[in-house]
Amino acid sequence: SLVGSEMCIRDRDIDEDKAKSEKVIKEFLIENNIILDNLKKDKIKLKELIIILKTKYNISLRKISEKLRIGRETIRKIYLE
């Protein structure tokens, strides 16, 4: 059986572990949001590129898809958004 001081130490260790876990989760979420923001920006840039290639240079979505090595449906979806 634990005495009072041992229970306090155990509780403190549990609290410290919980705080560390919460910190790691918070850092992960921040990093994840940064990645998502970058993906959104990349998607916007990709759409702009597709529009330029399609309208200015009259390149088909199929050719764009082949050159960028991105699936045709993905290119079409981005283009139509």
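These numbers come from a predicted model, not from an experiment. Excluded from the calculations below are hydrogen atoms, water molecules and symmetry mates; all remaining heavy atoms, backbone and side chain alike, are included.
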Would you mind telling me which of L53, L80, I50 makes a side-chain contact (heavy atoms from CB on, under 4.5 Å) with I75?
I50

Looking at N32, I34, N33, which hits side-chain contact (heavy atoms from CB on, under 4.5 Å) with I30?
I34

Is the NZ atom of K54 crowded by more than 12 outside heavy atoms at less than 6.0 Å?
yes

Between E66 and R62, is there a side-chain heavy-atom distance shorter than 4.5 Å?
yes

Pairwise distance [atom1]([X]) to [atom2]([Y]) - rounded to 0.5 angstrom:
X   : Y   : atom1 : atom2 : answer
K40 : L36 : NZ    : CG    : 6.5 Å
L61 : T74 : CG    : OG1   : 11.5 Å
E48 : K43 : CD    : NZ    : 13.5 Å
R72 : I64 : CZ    : CD1   : 11.5 Å

Assigning hydrophobic clusters by single linkage (Ile, Leu, Val, Met, Phe, Trp, Tyr; side-chain heavy-atom cutoff under 4.5 Å), is L49 placed with I44?
no

Y57, I70: one ILVMFWY side-chain cluster at the under-4.5 Å cut-off?
yes

Is any side-chain N of the basic residue among R76 and E73 closer than 4.0 Å to the acidic one's carboxylate O?
yes

Pairing of E16 and K20 as salt bridge, 4.0 angstrom limit
no

Does the side chain to side chain contact (heavy atoms under 4.5 Å, CB included) test come out yes or no for K26 and E22, once each step is laid out?
CA-CA 6 Å; K26 184 177 180 180; E22 288 172 353; over 6 Å; no

At their closest point, which heavy atom of S65 faces which heavy atom of G71, and how far apart are they?
OG-C, 3.4 Å

